[in-house]
2 protein chains.
Amino acid sequence: MADITTRERIIAEADRLIYENGYEHTSFADIADAVGISRGNFYYHFKSKDEILDAVIGKRMMSTEQMLNAWAAQSSHPAERIRSFILMVVTNQAKIMRHGCPVGTLCSELAKLGHAAQPQSNQLFSLFRTWLHQQFVLLGREADADALAMHALAFSQGVAVLAHAFNDEQFVAREVERMCAWLDGIVADAAQVPAI
Amino acid sequence: MADITTRERIIAEADRLIYENGYEHTSFADIADAVGISRGNFYYHFKSKDEILDAVIGKRMMSTEQMLNAWAAQSSHPAERIRSFILMVVTNQAKIMRHGCPVGTLCSELAKLGHAAQPQSNQLFSLFRTWLHQQFVLLGREADADALAMHALAFSQGVAVLAHAFNDEQFVAREVERMCAWLDGIVADAAQVPAI
DNA sequence: GTCTATACCTGGATAGAC
DNA sequence: GTCTATCCAGGTATAGAC
C-alpha cells in the first residue's frame, strides 16, 4: 500500500550503492542514510542483508527483461537486436568506466564471497544468454547459437573489465567496431546459406 | 634475516586468500590462522592491511614478470609467445573457474572500494599490456600494437568472468580456439606485408 | 620474534516506545 | 511505519609480557 514507496526506495538505493561500491562494502547504515530513514526502520522492510540482495537482483531481472523486450520490439531483424546488445557498452559507457558491468561485478563478488545468492545473480547472465541465443537461431545458426551468444557475452565482459580499469573510451569504440564487423560476417554467412 | 621466512609465508597466504575470497573478505585472523601465527605477531611484520596488499601486489608483479620472461625465453617467435598468453586461460582453467582471473577480480574489487592501491593493481594489467604490445610490434604491427594487445587482454578477461560464473570448460576451449585462429590471421597478414 | 590481552570501531540485528 | 537505544560478533590495531 503506502509502504510500497519506502520499500521501493530502499531497493533503488541499495541497487545503486551495491553497483557503485560492491555488496559487502555497502552497509545498512549506507542504505538507510541514502534513503533518509533510520537503521531500525530498515528491519521493518527487510529482515536481513540477504533479503535486500534478493530484492535487488529481482529488480535487476525485471528491468533486464524489459530492456531485452524493448530491443526485440524496436527491430524485427535479429542482427539489429544483437547490435543493440553490442552497443550497450557504449550506451552505458560512463557508468561502466566508473563501476564496471553491474552483472559481471556482482557475479564475481558473490562468487568470491561464496554467497548463497550466486545462482540468482548468474540468472542475470542467463537472461542475456538465452535472449542472444534466440536471436542467433533466428539468424539461422541453430547449431552454434549458444556458442555465439557466449562469445557476445564474453566480449561485453572483457570490454567492461578493461574499460573499468583503464578508463579508455577509444578502446571501447574499437572493440565495438570489431564486434559489429564480426556480426556483419555472420549475417553475410546467413544470407549465403539458402544459396548453397 | 631469519624473519624473511615468516614474512614471506604471510605474503604467500595473504596472496592466496585474497585471490580466493577477495581482499575485503580476507581478515587478519584468516591470514594469521593460515600461517599459524597469532594476530598480534602479525603487526610485527605488517603495520596495516594496506601494507599487506602492497606486498601481495608486489609479489604478483614479480611473478608475472618472471612468467612473461619465461614465455619470451621459450620461443623466439612473437606469435608463439602471444599464444602462450592466450593459452593461459586453459593452463589456469581450474583456478579461473573457481576464483576468476587474479588480476581482473582484484582490479574490479579495488575500484569498487575506491582503494588507494588501485593504480598499483592496474599495473599488473599494464605488465601484460606492454609485453603483448612488444610482441605485436615484433610481428610488424607497430601501428596498432596497443589495440591488439588490449584486444587480447579483453579476450582473457571476458573468458575469465564467464568461465567463473558458468563453470563451462567447453566454452573456454571454443574461445581459445577462436582466439588462436585470430592470431593466425595476424601472422598471415604479417607474412604478406613484405611482399606488397 | 612471538605471544596474550585488550581497546576501539563498525556492521548486522533486535526490543520496545511512539 | 518509524524512531531510539542497545546487543553482539567480528575486524583493525595497540600494549606489553616473554
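Computed from a predicted model, the values in this text were never measured in an experiment. Chain identifiers are assigned alphabetically (A, B, ...) following the order of the sequence lines, protein sequences preceding nucleic acid strands; residue numbering begins at 1 within each chain.
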When the distance from [atom1] of [X] to [atom2] of [N] is rounded to whole Å, what number comes out?
X: B/Asn21; N: D/dG11; atom1: CG; atom2: C1'; value: 15 Å
X: A/Ile52; N: C/dA13; atom1: CD1; atom2: C1'; value: 12 Å
X: A/Glu51; N: C/dA13; atom1: CD; atom2: P; value: 10 Å
X: A/Arg39; N: C/dT10; atom1: CZ; atom2: P; value: 10 Å
X: B/Lys47; N: D/dG11; atom1: NZ; atom2: P; value: 24 Å
X: A/Glu24; N: C/dG11; atom1: CD; atom2: C1'; value: 11 Å
X: A/Phe46; N: D/dG1; atom1: CZ; atom2: C1'; value: 14 Å
X: B/Ile10; N: C/dT2; atom1: CD1; atom2: C1'; value: 11 Å

Ignoring backbone atoms, test whether [X] places a side-chain nitrogen or oxygen under 4.0 Å from the OP1 or OP2 oxygen of [N].
X: A/Ser48; N: C/dG12; result: no
X: B/His25; N: D/dG11; result: no
X: A/Ser27; N: C/dT10; result: no

Between [options], which one does the side chain of [X] approach most closely?
X: A/Phe28; options: C/dA13, D/dT12, D/dT2; value: C/dA13
X: A/Asn41; options: D/dG1, C/dA13, D/dT12; value: D/dG1
X: B/Ile37; options: C/dC3, D/dT2, C/dA13; value: C/dC3

- Task: Over all heavy atoms of both residues, which pair between A/Phe46 and A/Ala55 is shortest? Give the atoms and the distance, please.
- Result: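 Looking at all heavy atoms of both residues, the shortest contact is CE2-CB, 3.8 Å.
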For B/Ala147 and A/Arg174 the tightest heavy-atom approach is CB-NE, 3.2 Å
B/Ser38 and B/Asn41: side chain to side chain donor-acceptor pair (under 3.5 Å), yes or no, with the steps?
CA-CA 5 Å; B/Ser38 68; B/Asn41 185 7; 5.1 Å; no
Name the nucleic acid region contacted by B/Tyr43, choosing base, sugar-phosphate or nothing; use a 4.0 angstrom heavy-atom cut-off, strictly under.
base
### Message
Considering every strand and a 4.0 Å limit on heavy-atom distances, what is the contact class for A/Ser38: base, sugar-phosphate, or nothing?
### Response
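Base, at least one base atom sits under 4.0 Å.
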### Ion pair check, B/Asp184 and B/Arg83, cut-off under 4.0 Å
yes
Are A/Arg9 and A/Glu13 close enough for a salt bridge, meaning some N to O gap below 4.0 Å?
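Between A/Glu13 and A/Arg9 there is no salt bridge, as every charged N stays at least 4.0 Å from the carboxylate O atoms.
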